[in-house]
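Beneath this line is the structure, given in structure tokens, with notes to follow.
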Amino acid sequence: MSAHPPASWTGTATHPAPRRLGPWIRCWSPRPAARLRLICLPHAGGGAGFYRPWAALLPPEVELWAIQYPGREDRFEDPPVDRMDELVTALTDALMPLLDRPYALFGHSMGSAVAWEVAHDLRRREALGPRRLFVSGREAPGTATVGEVHRQSDDVLCRELRRLGGTSDEVLADPDLRPVVLGCVRNDYRLIETYRPISRPPLRCPIEVFTGEADPELTPRSGRDRAGGWADLTTARTEVHTFPGDHFYLAPRRREVVTAVLRRLDPSLAMGTHRWPSTP
């Protein structure tokens with residue numbers, strides 16, 4: 001295994017470095033005058049760079065913050081965290097001093113469970129709560145199926161990544177990159193597969209459930225159950241938004257996803273008053 005991850009995985013070879021708001025938060029397009037913040041949490045094995053292209057798609061009124069878990073990208077040398085409670089405590093500590101304006105949380109896959117836990121921890125600390133919670137690619141905590149992929153061989157882990165999509169065969173075939181990626185993924189799978197949510201009063205913010213119509217992680221549902229259990233976790237409204245694609249529908253459908261997020265935050269943000277650049 002290499003002492004350092006290849007530049008193609010860290011993103012430092014072709015993209016400008018983001019502004020670091022402490023070890024946990026990255027911002028590619030600081031907007032001090034923005035009236036809303038969108039805080040995005042990555043999937044298992046993912047890093048803040050997954051959301052980098054979103055910054056160019058947001059209007060000036062919205063500032064993107066992406067969460068950087070340790071053990072990947074520019075935090076490659078930081079010890080990874082494989083317990084949900086430790087991750088949430090550290091992340092909430094980082095967010096507390098920075099919540100000076102309205103914000104929303106968006107989490108994909110493992111990130112949706114982390115976002116839900118962060119929202120509860122912020123409420124416990126009597127901090128400003130999210131305007132909305134966006135959850136993507138995963139059923140609700142306590143409802144989602146829990147496996148033991150983290151205990152399996154590297155070959156099994158590779159098959160799981162191919163099943164979900166989002167990781168190229170070139171990455172998994174690279175002798176330097178493969179062990180780095182698999183180590184990060186295995187750690188995150190250990191975190192989410194050993195996570196057992198505790199029962200708490202429901203949140204008060206709306207929950208927006210985003211799914212890919214062909215996501216192999218989700219089973220077909222109808223009516224209320226289409227929300228994958230999330231509707232039971234808030235006293236506010238829950239809506240389901242379905243996009244063409246699999247578990248990683250967010251990449252090819254990036255513009256549609258960002259537009260849907262903006263519409264739910266404030267319809268005026270998605271009315272075309274901002275001239276968006278081309279998708280990176």
Side-chain angles (χ1 to χ4, degrees), residues 1-18 20 23-26 28 40-54 66-84 86-87 90-91 106-115 136-138 144 146-195 212 215-217 245-252 254 280:
M1 178 174 175
S2 300
H4 300 281
S8 60
W9 190 57
T10 63
T12 57
T14 57
H15 304 305
R20 294 173 58 114
W24 290 93
I25 302 169
R26 303 292 176 268
W28 284 269
C40 296
L41 297 93
H43 52 281
F50 180 75
Y51 293 105
R52 180 193 63 82
W54 287 31
I67 299 303
Q68 188 72 293
Y69 307 137
R72 68 212 70 202
E73 295 185 353
D74 61 357
R75 295 191 69 187
F76 172 70
E77 295 185 351
D78 292 349
V81 177
D82 62 3
R83 287 178 52 90
M84 179 69 82
E86 294 179 9
L87 178 63
L91 183 49
F106 185 106
H108 178 59
S109 198
M110 181 185 84
S112 67
V114 179
S136 168
R138 185 174 176 83
V146 178
E148 291 193 340
V149 175
H150 71 281
R151 298 179 181 274
Q152 306 303 315
S153 67
D154 284 357
D155 288 342
V156 171
L157 197 53
C158 284
R159 286 199 296 272
E160 172 69 4
L161 295 179
R162 292 188 178 100
R163 182 181 73 90
L164 295 177
T167 306
S168 70
D169 287 337
E170 288 80 5
V171 166
L172 297 178
D174 188 305
D176 291 323
L177 195 48
R178 173 182 160 120
V180 175
V181 172
L182 292 187
C184 179
V185 170
R186 188 181 300 281
N187 177 85
D188 288 356
Y189 267 69
R190 182 182 300 111
L191 183 152
I192 197 63
E193 291 180 340
T194 59
Y195 161 60
D215 189 338
E217 286 290 273
D246 57 18
H247 190 63
F248 285 98
Y249 70 92
L250 286 83
R254 184 179 302 137

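Heavy-atom basis, side chains included; hydrogens, waters and symmetry copies ignored.
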Give a yes or no answer on whether the side chain of Y69 reaches the backbone of P42 with a donor-acceptor pair at less than 3.5 Å.
yes

Strictly distance-based, threshold 3.5 Å: is any side-chain N or O of E73 a donor or acceptor partner for the main-chain N or O of G49?
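Looks like yes, one N/O pair under 3.5 Å.
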
Would I192 and R138 satisfy side-chain contact (heavy atoms from CB on, under 4.5 Å), going step by step from the backbone distance to the final call?
CA-CA 11 Å; I192 197 63; R138 185 174 176 83; 3.4 Å; yes

With [X] via side chain to side chain contact (heavy atoms under 4.5 Å, CB included) - residues at least two apart:
X: A115; answer: L41, L105, L133
X: L191; answer: M84, L87, M110
X: P70; answer: W24, R75, D78, V81
X: F50; answer: H43, F248, L250

Are the side chains of [X] and [Y] in touch, meaning some heavy atoms are under 4.5 Å apart?
X: W54; Y: W28; value: no
X: I67; Y: R26; value: no
X: R254; Y: P53; value: yes
X: R20; Y: D74; value: yes

Considering all heavy atoms of both residues, which atom of Y51 and which atom of G107 are nearest to each other, and what is their separation?
OH-C, 4.4 Å

Provide the closest heavy-atom pair for H108 versus S136 in the form atom of the first, atom of the second, distance.
ND1-OG, 2.8 Å

State which residues pass side-chain hydrogen bond (donor to acceptor under 3.5 Å, both in side chains) with S109; sequence neighbours excluded, sorted by chain then number.
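Here the qualifying residues are H247.
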
Salt bridge (charged side-chain N to carboxylate O under 4.0 Å, His left out) with R83: which residues, sequence neighbours excluded?
D85, E86

Could you grab the distance from atom CG of D188 to atom CG of D82, nearest 0.5 Å is fine?
9.0 Å

